[in-house]
Student: 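I'd like to ask you about the structure that follows.
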Amino acid sequence: MELIENNIIGEKIYKEILDNGLTVYLIPKETKKKYVVWSTKFGSVDNKFYYDNGEMTVVPDGIAHYCEHKLFEQRDGTNSLDALTSLGVDANAYTSNDHTAYLFECTENFDEALDEFMDYVQNPFFTDENIEKERGIISQEIMMYDDYPEWKLYMNLMKAMYKNNEINIDTAGTVETIQDIDKEKLYQIYNAFYVPQNMIMICVGGFEVEDMLFKIKSRITMKKSEKTLKRVYNSDSFDVVKKYVEENKEISIPLVAIGFKDKFFYKEHNEKTYLSENSYLGDNLNLGKNDIELAKRDIAVDMIGDIIFGPCSDFYKRMYESGMITTDPSVQYEFSDNYGHVAIQIQTNHIEEFVQEVKNELSHFIENGFREEDFDRTLRCEYSDIIRSFNEVSAIGNMLVSQICKGIEPFGYIDAVKAIDKVYLEQVLKEIFVEKNMAVSVIKVENKNDLKYNIS
Amino acid sequence: MEIVELKDGIKLHYIKKENFKTDCAFITLTTPLNRENSTKNALLAYMMMRGTNKYTDQYILNKVLENAYGSNISVSFDKVGDNVSLRFNLETIANEYALNGENILKEAMGILFEIVFNPLMINGALSKDFIDIEKKHLLKIIRAEKDNKDSYAYKRCMKETFGENGFGVNLYGYEEDVEGLTVEALTEHYEHIIKNARIDIVFSGRRPLDEIKEIVLNDNNIKKLVERKDTLEFSTNSIQNVEKSIEIADCMDVVQGKLVLSLISNFDKDNQKIVGQVYNMILGGSANSLLFQNVREKNGMSYSISSIFVKLKNTVFIRCGIEIDNYIEAMRLIYNQLDYIKDGKIGDKEIDDAKVALCAALDGIKEEQVSEMFYYLGQDFSGEKMSVDEYKEKINSVSKENIIEFANSLKVKVIYLLRN
């Protein structure tokens, strides 16, 4: 096992690549809890691929999420989520743009839980009947998200920024697209992406490292895939599709999101689609390519957001005291293999003024740069955020899954924070936060009369 | 966990925790919640975050906190039975991670005490400028409650169940009250709270008790606090004999209907809170629960469905998102689950699963820094002190008969639907 240690954070991470290609990370902690997360690099953006040099396979939107729901079903008609709950284990799963993860947490019954967990992930059982039953549930989930104005704000921004990029696909798909999901398609994506060299397992908590590794190895049944996998993505222009989009919802205060595309993740292609350089996750994990650069860039965007728009900024002071905003804007950087963008989001009744103020503020900092004291103070906050991120067992697991799926190795951030200087921050500011990269999404207030009536 | 009585009505709760990288503390000011004071409480709490006599505005405060390694101070509100706790939270990285040997915790706790006990006063009154700005913000916060439809439906059901008393009162207050609040009224309210509210300071982290006591007892703001009598009532206040349930619907722009039911028990036995928790877990507390299995999994009626037991009000709430056209069928299925337990059809497996889940959650509490702080404070509020093992023993001793009896004591009070 490879030991990766960081004395600043005070943590040790043990890494082992199993014979079948699965990469396992073990993080022992002083706690009774154990947290296990098993992830495949397959998310909502992966809707086209070549498998084993065959024809290109195109799958319906929402299939990664659908598979996540169905994997818990067992051949004997039971459901592994029920079995894990009966053991007193807290189990769950989630799907994101670029990965899907299955996880559980417990203080007791760990071995039994690991049995069940590794069994259901490695042994899919899809039938027409159990797939049909799930359609109603997932439709309800989609409708639930349709009622979240923040979700609509985000999806509209993605559609405004990206014409063809798969980032503008809703993670769960739509009620229409999930009608086309059947067991054949689910087995297709499972066989292609749920292979050990495309997966990572992370265990955090109170255990002996060798013992935990043995437990995992003795339950592995997946074999390394000998087939080739090529992900296919749509080519896209770097230009935004629309500078401004709006939708009306019944909310009290409008929401606005200002998006900036990041050219760092953009490559021009001549054809309508292109083959991704990244195929199986494991092919890229040990190269360490760009991982410090990615972490540096992520930290830089966070610092830029904090200095310019955060609670110590002149911008925030002005906007807050004028009543235009009630909290500091959130600044989120989202990126993966084939997309990268920043979104600045806030609730405000003064949409146009806010957008103009943001543009003015960015121009000011592009022209004048950052003050040394602001840089130093914000860097100190980044350092402490990285320390905090290793505080809690499940948070560590989830953080590492997300990082590693983007190609950033553990401790990448603490190494990156040491390498950042003011010049770099100003460079990233000029690269990303420019008007030509920008789009605005707004959810406006639509007033309907509330009717209250008795229904009995 | 150790409790130090600093003065009458003011306690320090100390938890030694060495396996986290953070030190956490919060101060709660707990006082009865009523229609008259709810808006004042909310406005006051937000206003206190704006500045103190030492750090005269929030930008100075924010800079000091960021310089203290991004120490984070925030405010939140909790209902504790018919009372409200204004909670001022601090989280900071442990001193061991300071790059230059700084005592981050001492500085951060000093700031926390400033915010809570030394808000900016001008000529003996709270700052009018702060109040004017925070009124605008509070109005936006109150209006924005409708934007989260799930949460809004829950609050509406709560209000219809309890009226505008205690637990039914809106924590953020009421729009119609905001404008009329004066500097004088708010200053008076602050002084009343500081003199009369129960004050609890809860700490969890690496520093030894002696060090924390020294930080607390040497703080001038703490020294100025007067003793007070703890007159708060936390006991269950059940509403007897629900005569008839009422059904209410509101219309808003929703794609999915949000359905919330309240069920009140007139159960009045020693272990009712424990029995209620086991009942709630069987009904809708987990993926194995009756609601999850039968409404969602077997019939596809809902993605999100669960139940909550509010111990101090002896009330169960059922919450789910449904397709509006399926309202009748969803209600039928929900009532089937209620009757299933009432009629004694639950089996050993359902009861055992519920007990295992509750005990696992209890085991997990000691492994979560902030959850543990709430656990012990909650016990001190209710006066029912139990170790985790004692609590688990009580859960495991709940019988099927107890659960059936509790189920039959529940009456549906309100059925609330938010629809389009």
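By convention in this document, chain letters (A, B, ...) are assigned in the order of the sequence lines, proteins followed by strands, and residues within each chain are numbered from 1. When reading the values below, keep in mind they use all heavy atoms of this one structure, side chains included, and skip hydrogens, waters and symmetry mates. Here the structure is a predicted model, which means the values were calculated and not measured.
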Student: Checking A:N349 against chain B: side chain, backbone, both or neither under 4.5 Å from a heavy atom?
Tutor: side chain
Student: Surrounding OH of B:Y172 (heavy atoms of other residues, nucleotides or ligands, distance under 6.0 Å), is the total greater than 12?
Tutor: no
Student: For the candidates B:K298, B:K149, B:K140, B:E145, which exhibits the highest count of non-hydrogen atom pairs separated by less than 4.5 Å from chain A?
Tutor: B:K140
Student: A:D82 and B:A287: which non-hydrogen atoms are nearest, and at how many Å?
Tutor: OD1-O, 3.5 Å
Student: Is it the case that the side chains of B:K366 and A:T107 hold a donor-acceptor pair, with the cut-off being a distance below 3.5 Å and no angle test?
Tutor: no
Student: Check whether any side-chain N or O of B:N62 sits under 3.5 Å from a backbone N or O of A:P311 as a donor-acceptor pair, and report yes or no.
Tutor: yes
Student: Would you tell me whether A:S86 and B:N288 have side-chain atoms, one donor and one acceptor, within less than 3.5 Å of each other?
Tutor: yes
Student: Let me know if A:I142 has heavy atoms under 4.5 Å from chain B in its side chain, its backbone, both or neither.
Tutor: neither
Student: Could you measure the distance from the OH atom of B:Y303 to the OG atom of A:S139? Nearest 0.5 Å is fine.
Tutor: 13.0 Å
Student: Quick check for you: among A:R388, A:E108, A:K29, A:E373, which has the greatest number of heavy-atom pairs under 4.5 Å with chain B?
Tutor: A:R388
Student: Using modelled atom types only, decide if a donor and an acceptor are shared between the side chain of A:R380 and the backbone of B:N67 within a distance under 3.5 Å.
Tutor: yes
Student: Contact part of B:N148 toward chain A, heavy-atom cut-off under 4.5 Å: side chain, backbone, both or neither?
Tutor: neither
Student: Going by an N to O cut-off under 4.0 Å, is there a salt bridge joining A:E11 and B:K21?
Tutor: yes
Student: For A:D147 and B:V255, indicate whether the former's side chain and the latter's backbone hold a donor-acceptor pair under 3.5 Å.
Tutor: yes
Student: To the nearest 0.5 Å, tell me how far A:Y320 OH sits from B:D57 CG.
Tutor: 11.5 Å
Student: Specify which of A:E321, A:K33, A:E141, A:M143 makes the most heavy-atom pairs with chain B at under 4.5 Å.
Tutor: A:E141
Student: Given heavy-atom pairs under 4.5 angstrom as the criterion, report whether the side chain, backbone, both or neither of B:Q369 touches chain A.
Tutor: side chain
Student: Is it the side chain or the backbone of B:S304 that comes within 4.5 Å of chain A heavy atoms, both, or neither?
Tutor: side chain
Student: Pick whichever of A:T85, A:I251, A:N391, A:T378 has the most heavy-atom pairs under 4.5 Å with chain B.
Tutor: A:N391
Student: Counting only heavy atoms from other residues, nucleotides and ligands, does the tally under 6.0 Å from NZ of B:K392 exceed 12?
Tutor: yes
Student: Measuring heavy-atom distances to chain B, does A:E382 have an atom under 4.5 Å in its side chain, in its backbone, in both, or in neither?
Tutor: neither
Student: Please check if the number of heavy atoms outside B:K16 that lie under 6.0 Å from its NZ is greater than 12.
Tutor: yes
Student: What part of A:I8 gets within 4.5 angstrom of chain B, counting heavy atoms only: side chain, backbone, both, or neither?
Tutor: backbone
Student: What part of A:D376 is in contact with chain B, defined as an atom under 4.5 angstrom from a non-hydrogen atom: side chain, backbone, both or neither?
Tutor: neither
Student: Are the side chain of A:Y383 and the backbone N or O of B:Y97 linked by a donor-acceptor pair below 3.5 Å?
Tutor: yes
Student: Which answer fits A:E150, side chain, backbone, both or neither, if we ask what part of it has an atom under 4.5 Å from a heavy atom of chain B?
Tutor: neither
Student: Are any of the side-chain heavy atoms of B:E367 and A:V393 separated by less than 4.5 Å?
Tutor: no
Student: So what's closer than 4.5 Å to chain A heavy atoms on B:K355: side chain, backbone, both or neither?
Tutor: neither
Student: Chain A heavy atoms under 4.5 Å from B:D352: which part of the residue, side chain, backbone, both or neither?
Tutor: neither
Student: Specify which of A:G136, A:A83, A:S394, A:C381 makes the most heavy-atom pairs with chain B at under 4.5 Å.
Tutor: A:C381
Student: Let me know if A:L255 has heavy atoms under 4.5 Å from chain B in its side chain, its backbone, both or neither.
Tutor: neither
Student: Under the side-chain contact (heavy atoms from CB on, under 4.5 Å) rule, what do B:Y69 and A:D385 come out as? Steps first, then yes or no, please.
Tutor: CA-CA 9 Å; B:Y69 290 86; A:D385 282 347; over 6 Å; no
Student: Among B:E18, B:E134, B:K136, which has the most heavy-atom pairs under 4.5 Å with chain A?
Tutor: B:E134
Student: Distance check, rounded to the nearest 0.5 Å: A:M144 atom CE versus B:C320 atom SG?
Tutor: 12.5 Å
Student: Do B:N19 and A:T31 have side-chain N/O donor and acceptor atoms under 3.5 Å apart?
Tutor: no
Student: What distance separates B:I142 CD1 from A:S252 OG, expressed to the nearest 0.5 Å?
Tutor: 11.0 Å
Student: Among A:E30, A:R135, A:K32, who wins on heavy-atom pairs under 4.5 Å with chain B?
Tutor: A:K32
Student: If you apply the rule salt bridge (Lys or Arg N to Asp or Glu O under 4.0 Å), what do you find for B:D147 with A:K249, and how did you get there?
Tutor: CA-CA 9 Å; B:D147 297 346; A:K249 288 288 243 185; over 6 Å; no
Student: For B:I133, is it the side chain, the backbone, both or neither that has a heavy atom under 4.5 Å from a heavy atom of chain A?
Tutor: side chain
Student: Counting only non-hydrogen atoms closer than 4.5 Å, does A:F390 touch chain B with its backbone (N, CA, C, O), its side chain (CB onward), both, or neither?
Tutor: both
Student: Do the charged groups of A:R377 and B:E66 touch, with an N to O distance under 4.0 Å?
Tutor: yes
Student: Under 4.0 Å between a Lys/Arg side-chain N and an Asp/Glu carboxylate O for A:E250 and B:K146?
Tutor: no
Student: Check whether B:H137 reaches the backbone of A:T327 with its side chain - one donor and one acceptor, N or O, closer than 3.5 Å.
Tutor: no
Student: Which residues pass the side chain to side chain contact (heavy atoms under 4.5 Å, CB included) test with B:E297, sequence neighbours left out?
Tutor: A:N79, A:K133, A:I137, B:F292, B:Q293
Student: Tell me which of these, A:I138, A:D306, A:I9, has more heavy-atom pairs under 4.5 Å with chain B than the rest.
Tutor: A:I9
Student: Heavy-atom pairs under 4.5 Å with chain A are the metric here; pick the option from B:R143, B:E368, B:E323 that has the most.
Tutor: B:E323
